[in-house]
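Note that these values count all heavy atoms, side chains included, but never hydrogens, waters or copies made by symmetry.
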Amino acid sequence: MNTETSIAIPETGSLSEAPLASGVRQEPTLRIRPTKGWAALNLRELWSYRDLLWILVERNIKVIYKQTALGITWVALQPLIAAIVLAIVFGRVAKLPSDGAPYLLFVFCGLTAWYYFSQTAQRSSTSLINNAQLVSKVYFPRMLIPLSHTFSTLVDFAIMLVMLFAFMAFYHVAPTLRLLAIPGFLLLTAITATGVSLWFSALSVKYRDTNYALPLFLQIWMYASAVVYPTTMITSDLRRSLFALNPVVGFVEGFRWCVLGRSALTPTMLWITIGMSVFTLVSGAFFFRRVERDFADII
């Protein structure tokens, strides 16, 4: 028996191949060993545990909003307050441009994509530690734990999307067929967020400093991702392409293109965003598989 998580080797010998004196045949011995080096992703195993994934997703949703006075209202209040503060500081005081759109709507477009990305990364970073007993006592694909947050935070995204449509109605921005592209940019956001989650959740098992560094890292990442300012401020096409190596820039500008009908997103930037998103996911998945064999011993 050879699995991706362990290798079970049957040991056959003279005792197992021939009947015993009593006439009872001895069963072959199986020695289970951990894999060595880089392991395959084994997507078939993930699919076979899909029921467990949905159980974890449902549990995440219940745990986050259980015993809270406002419940799911917090999902709407946090980005709304953040958008108002950013609009006052960067729109009114700093006078940053917004490509001709109302600055509050401009910022909220960026925050819709950014909040889904950042919430997924933050909640997943401590997911393995929070489920230490489950990881150390029961076998299942460990990747399901951070992956479950990619799906559970879709509830937050749906609420923010409704709020975004409300802002569009308030500012009299007519919906267009570009809104049909939102699922595509959401997919890019989910791919990137999952890749980052796999990296940080795996690192946090051994290095608990990750839990303290991630919020600071995400805060810096937000200001480096054109959430509060337009990418059109970068005039050089070459510099914009280099700027797009940050995949968050691509899907933030993509959401603005869907809602506002204008954006600095170009086909070159879009392809760079797709490539970087896929690279983040694949590298994170392989790194996670490489180190997960030690989770039960360290956690």
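Between V138 and R142, the closest heavy-atom pair is O-NH1, 3.2 Å. Of all heavy-atom pairs spanning L53 and L144, the tightest one is CD1-O, 3.8 Å. Residues P97 and F106 share a closest heavy-atom pair of O-CE2, 4.4 Å. The nearest pair of heavy atoms linking S241 to T268 is OG-CG2, 3.9 Å. For the pair R178 and G261, the tightest heavy-atom approach, listed with the atom from each and the gap, is NH1-CA, 3.7 Å. When all heavy atoms of A264 and T232 are compared, the pair lying nearest together is CB-CG2, 3.6 Å.
L187 is linked by a side-chain contact (heavy atoms from CB on, under 4.5 Å) to I191, counting only residues two or more places apart in sequence or in another chain. With sequence neighbours excluded, the residues satisfying salt bridge (charged side-chain N to carboxylate O under 4.0 Å, His left out) with R123 are D156. Residues meeting the ring pair (Phe, Tyr, Trp, His ring centres under 6.0 Å) test with Y229, sequence neighbours left out: none. Considering only residues two or more places apart in sequence or on other chains, S118 meets the side-chain contact (heavy atoms from CB on, under 4.5 Å) condition with W114, Q122, L218. Not counting sequence neighbours, W271 has no partner by the ring pair (Phe, Tyr, Trp, His ring centres under 6.0 Å) test. Scored by the ring pair (Phe, Tyr, Trp, His ring centres under 6.0 Å) test, F90 finds no partners at all (sequence neighbours excluded). Every residue meeting the ring pair (Phe, Tyr, Trp, His ring centres under 6.0 Å) condition with F167, not counting sequence neighbours, appears here in chain and number order: F108. Scored by the side-chain contact (heavy atoms from CB on, under 4.5 Å) test, A76 finds I159, M163 as partners (sequence neighbours excluded).
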Listed pairs under 3.5 Å, donor-acceptor, residues 126-133 side chains, sequence neighbours left out:
{"unit_1": "T126", "atom_1": "OG1", "unit_2": "N130", "atom_2": "ND2", "d": "3.3"}
{"unit_1": "S127", "atom_1": "OG", "unit_2": "S124", "atom_2": "O", "d": "2.7"}
{"unit_1": "N130", "atom_1": "ND2", "unit_2": "T126", "atom_2": "O", "d": "3.1"}
{"unit_1": "N131", "atom_1": "OD1", "unit_2": "R59", "atom_2": "NH1", "d": "2.9"}
{"unit_1": "N131", "atom_1": "OD1", "unit_2": "R59", "atom_2": "NH2", "d": "3.0"}
{"unit_1": "N131", "atom_1": "ND2", "unit_2": "S127", "atom_2": "O", "d": "2.6"}

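The hydrophobic cluster containing I220, built from Ile/Leu/Val/Met/Phe/Trp/Tyr side-chain heavy atoms closer than 4.5 Å, also comprises L216.
At distances below 3.5 Å, not a single donor-acceptor pair connects side-chain atoms of T280 with backbone N or O atoms of T192. Put simply, the side chain of R50 never gets that close to the backbone of L46: no donor and acceptor are under 3.5 Å apart.
Residues L43 and F140 share a hydrophobic cluster, clusters being chains of Ile/Leu/Val/Met/Phe/Trp/Tyr side chains in contact below 4.5 Å. L242 and L270 are not part of a single hydrophobic cluster, where members link through side-chain heavy atoms under 4.5 Å apart. The hydrophobic clustering, which links ILVMFWY residues whose side-chain heavy atoms are closer than 4.5 Å, places V282 and L198 together.
Note that the OG atom of S148 and the CD1 atom of I55 stand 11.5 Å from one another [nearest 0.5 Å]. Atom CD1 of I182 and atom OG1 of T112 lie 8.5 Å apart (nearest 0.5 Å). For the atom pair CG (N211) and OG (S125), the distance works out to 5.5 Å, reported to the nearest 0.5 Å.
Residue pairs meeting the ring pair (Phe, Tyr, Trp, His ring centres under 6.0 Å) criterion with at least one member in residues 179-218, sequence neighbours excluded: W199-F287, F200-F217, F217-W221. Sorted by first then second residue, the salt bridge (Lys or Arg N to Asp or Glu O under 4.0 Å) pairs that include residues 249-263, not counting sequence neighbours, are E253-R256.
In this structure, F117 and F251 have tilted ring planes: the angle between them lies in the 30° to 60° band.
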